[in-house]
Amino acid sequence: MKVVIRYPKRHEVEVAGRRRLQDVLKELNLNPETVIVVQGKTLLTRDTMLGEEDTIEVLSAISGGA
């Protein structure tokens, strides 16, 4: 699958095989507490099963405020 990581700068990685999102994040050393993952306009949960044909985007979940 293609994983587009949008922080700190945009880059793409390929991950082989069918697996749960939580396993993809672990393999890429991404903390699931600090990111959100979308596929198109759909927010994914850690239990979402992904296949090799999928493309997902990983975004920073950290926000600021006053």
Side-chain angles (χ1 to χ4, degrees):
M1 81 192 66
K2 181 162 81 171
V3 181
V4 179
I5 301 173
R6 297 229 178 241
Y7 76 94
K9 63 178 185 170
R10 185 187 189 285
H11 63 284
E12 297 179 9
V13 295
E14 292 287 329
V15 177
R18 180 172 166 79
R19 62 188 77 192
R20 283 186 180 11
L21 175 58
Q22 65 189 5
D23 298 326
V24 173
L25 295 176
K26 184 175 182 178
E27 180 176 328
L28 297 174
N29 294 319
L30 296 171
N31 182 345
E33 301 297 322
T34 63
V35 298
I36 58 171
V37 182
V38 294
Q39 186 174 34
K41 293 184 178 185
T42 304
L43 181 63
L44 303 179
T45 66
R46 291 182 222 172
D47 291 330
T48 302
M49 284 300 295
L50 299 165
E52 290 194 29
E53 70 284 351
D54 291 321
T55 298
I56 60 174
E57 292 184 63
V58 181
L59 309 164
S60 174
I62 298 171
S63 63

What I'd like to find out is whether the side chain of [X] reaches to under 4.5 Å of the side chain of [Y], using heavy atoms alone.
| X | Y | result |
| --- | --- | --- |
| L21 | L50 | yes |
| K2 | E14 | yes |
| L25 | V37 | yes |

To check you understand the geometry: which heavy-atom pair defines the closest contact between R6 and R10, and what is its length? NH1-NE, 3.2 Å
Gap between atom CD of Q39 and atom CD of E57 - 0.5 Å precision: 10.0 Å
Do Y7 and V15 share a hydrophobic cluster, counting only Ile, Leu, Val, Met, Phe, Trp and Tyr and linking them when any side-chain heavy atoms are less than 4.5 Å apart?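 Yes: a chain of side-chain contacts under 4.5 Å links Y7 to V15.
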Going only through I, L, V, M, F, W and Y residues with side-chain contacts under 4.5 Å, is there a path from L28 to I56? yes
Qualifying side-chain hydrogen bond (donor to acceptor under 3.5 Å, both in side chains) pairs with a residue from residues 15-24, counting only residues at least two apart or across chains: R19-E27
Contacts of E33 meeting side-chain hydrogen bond (donor to acceptor under 3.5 Å, both in side chains) (sequence neighbours excluded), chain-then-number -> R46
Applying the side-chain contact (heavy atoms from CB on, under 4.5 Å) criterion to V3, which one of L30, T55, V24, D54 satisfies it? V24
Using the rule side-chain contact (heavy atoms from CB on, under 4.5 Å), only one of I5, V35, V4, V38 pairs with L59; which is it?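 Passing option: V38.
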